[in-house]
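Worksheet for the structure shown next.
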Amino acid sequence: MTSTTEHTAPAQAPSPAGAAATTAASSAQPLVMSIILACGGAHLINDMIQALLPSIYPMLKTGYGLSFTQVGLITLTFQVTASLLQPWIGMYTDRHPKPWLLPSGAVATLIGIVLLSMAGSFGAFLLAAALIGIGSSTFHPEASRIARMASGGRFGLAQSTFQVGGNAGSAFGPLLAAAIVVPYGQGNVAWFVLLAVLAIVVLSRVAGWYRGHLAATKGRAKARASHQLPASTVRRALVVLALLVFSKYFYMASFTSYFTFYLIDRFHMSVASSQIYLFLFLGAVAVGTFVGGPIGDRIGRKLVIWISILGAAPFALLLPHADLFWTGVLSVVIGLVIASAFSAIVVYAQELVPGKVGMIAGVFFGLMFGFGGIGAALLGHLADLYGIAWVYGLCAFLPLAGLLTVFLPDLKEGRA
């Protein structure tokens, strides 16, 4: 990976220095794929570590006598600490970039892993989840911003490459948990410290490129909107996007936190076998995410949002009624179809509100974690009351919210 800063001639119109200015210049610079891949790789590690929590839930539930509600509260603690901080970090670093935040966040994650490997009570699990959440809250807005800076104007490609790293991490996390933690015990979570150390090293290099990029782009013109939409239309579009994120991540919470429980309850599978099905679903999500970004660059983000969320509805409605074979097939199809929505939503929102890349990334990653956490807690409580199969029947209707896409305005999109 290179840390060399790319230089281009400065724009004629001066503006205040800062992250917003660097965003304006990103499309005038060449694609720096090494930085995008480094951000994606760090995202893989970050989300692989996050995936430890739901992957070991069955073990913790049995070993410590946790209820579904307590399992949901652990997820809620992680998601809330991750979600509440992200918009504020993004807003602050739009004006005052802080490259050192990236490796610092990875240090918080490392401490959370160590605590998770030693925790022996519900309170300790909550604290470990909170520390891992803090690490995520500092990572996502800044790493997403840097990926956009290095995009050379191919924003969909950069965002999907960054996002697919996280999806891949979420997919491999359960496999590693099934291979390392579930058979040999909670203490083996400590092996993931090695991944956290690797993330610190990679993010330190990325932070060095970021620092040089900021110096090279100082004084460039601030980003301006390419659309002529009134402020009321922009606000309405952002609300619609938030509702779409809500539907997507409430539905995704039923998979990431409870799919293994659903398979064990309905089909009497072992924990290890259920983890393989979860891996297949999350692997499909990773593939769909990677494909969705470049397609959005070519055909437009709005169309991708239509296809991604609403297109998953027929398969989601069939899932609760399928046998084991078709449950596996439908879960993979759902993962492939629904995956590209988030990258398209983030880039679409950044085009609606230019110059606020960090804030928008923080808001939407925050909404992703927040809605996912609330969904996990609520769905866990409903599972305690009515059973996990009932929860899947209810969640099947959530992708129908994709119909809200009709209220999004058309933007000038296409390949940069």
Side-chain angles (χ1 to χ4, degrees), residues 40-41 43-55 75 79 82 136 140 144 156-157 159-178 244-260 262-263 274-296 301 304-316 318-319 327-347 364-365 367-369 371-373 375-376 379 392 395-396 398-399 401-402:
H43 201 184
L44 184 150
I45 294 172
N46 182 83
D47 286 22
M48 185 184 295
I49 290 170
Q50 290 174 193
L52 273 178
L53 279 170
S55 297
T75 300
Q79 306 282 33
S136 287
H140 286 98
S144 178
L157 172 66
Q159 185 62 42
S160 66
T161 303
F162 170 70
Q163 191 65 28
V164 79
N167 294 145
S170 296
F172 284 111
L175 282 187
L176 290 179
L244 292 172
V245 170
F246 165 82
S247 69
K248 172 178 166 62
Y249 283 97
F250 251 67
Y251 186 67
M252 291 287 286
S254 70
F255 278 90
T256 55
S257 290
Y258 301 112
F259 193 41
T260 54
Y262 175 76
L263 294 170
S274 68
Q275 296 285 7
I276 294 173
Y277 277 73
L278 179 60
F279 167 75
L280 291 174
F281 167 76
L282 295 174
V285 169
V287 173
T289 300
F290 183 74
V291 171
I295 291 176
R301 254 68 71 175
V304 169
I305 295 169
W306 267 116
I307 296 170
S308 180
I309 297 180
L310 187 60
F315 308 106
L318 287 172
L319 182 69
T327 294
V329 172
L330 288 171
S331 67
V332 169
V333 174
I334 290 168
L336 285 169
V337 174
I338 206 169
S340 61
F342 187 70
S343 294
I345 287 170
V346 171
V347 176
F364 280 93
F365 275 104
L367 287 175
M368 177 185 76
F369 286 115
F371 288 145
L379 296 177
Y392 269 77
C395 290
L398 286 170

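Nothing fancy with the numbering, it's 1 onward along the sequence.
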Exercise for the section: Of all the heavy-atom pairs spanning Leu379 and Cys395, show the shortest one and how long it is. Expected result: CD2-SG, 3.7 Å
Problem - Value rounded to 0.5 Å, distance of CG in Leu282 from CG in Leu278 - result: 4.5 Å
Fill in the blank from the handout: Rounded to the nearest 0.5 angstrom, the CZ-CG distance for Phe246 and Leu398 is 6.5 Å
Exercise for the section: Check whether any side-chain N or O of His43 sits under 3.5 Å from a backbone N or O of Gly165 as a donor-acceptor pair, and report yes or no. Expected result: no
Practice task
Kindly indicate whether the side chain of Met252, heavy atoms from C-beta on, has any atom under 4.5 Å from the side chain of Ile338.
Solution key: yes
Handout entry: Exercise: identify the closest heavy-atom pair between Tyr251 and Leu319
Key = OH-CD2, 4.1 Å
Handout entry: Any side-chain heavy-atom pair of Ser247 and Ile309 under 4.5 Å
Key = yes
Exercise for the section: Rounded to the nearest 0.5 Å, what's the gap from CZ on Phe315 to CD1 on Ile334? Could you check? Expected result: 8.0 Å
Exercise for the section: Could you tell me which residues satisfy side chain to side chain donor-acceptor pair (under 3.5 Å) with Tyr262, sequence neighbours excluded, listed by chain and number? Expected result: Arg266
Practice task
Enter the distance from Ser136:OG to Ile49:CD1 here, rounded to the nearest 0.5 Å.
Solution key: 9.0 Å
Practice task
Walk me through it: do Thr260 and Gln275 pass the test side-chain hydrogen bond (donor to acceptor under 3.5 Å, both in side chains)?
Solution key: CA-CA 6 Å; Thr260 54; Gln275 296 285 7; 5.3 Å; no
Handout entry: Val332 side chain near Phe281 side chain, heavy-atom distance below 4.5 Å
Key = no
Completion exercise
Correct closest heavy-atom pair for Ala312 and Pro399 would be C-CB, 4.2 Å
Exercise for the section: Using a 4.5 Å cut-off on heavy atoms from C-beta on, say whether the side chain of Asn46 contacts that of His140. Expected result: yes
Problem - Nearest non-hydrogen partners of Leu263 and Ser274, listed with the distance - result: CD1-O, 3.9 Å
Practice task
Please say whether more than 12 non-hydrogen atoms of neighbouring residues, nucleotides or ligands are located less than 6.0 Å from CZ in Phe279.
Solution key: yes
Problem - Any side-chain heavy-atom pair of Tyr392 and Ser254 under 4.5 Å - result: yes
Problem - With Leu176 via side chain to side chain contact (heavy atoms under 4.5 Å, CB included) - residues at least two apart - result: Met48, Ile180, Phe192
Problem - Qualifying residues under side chain to side chain donor-acceptor pair (under 3.5 Å), relative to Ser331, sequence neighbours excluded - result: none
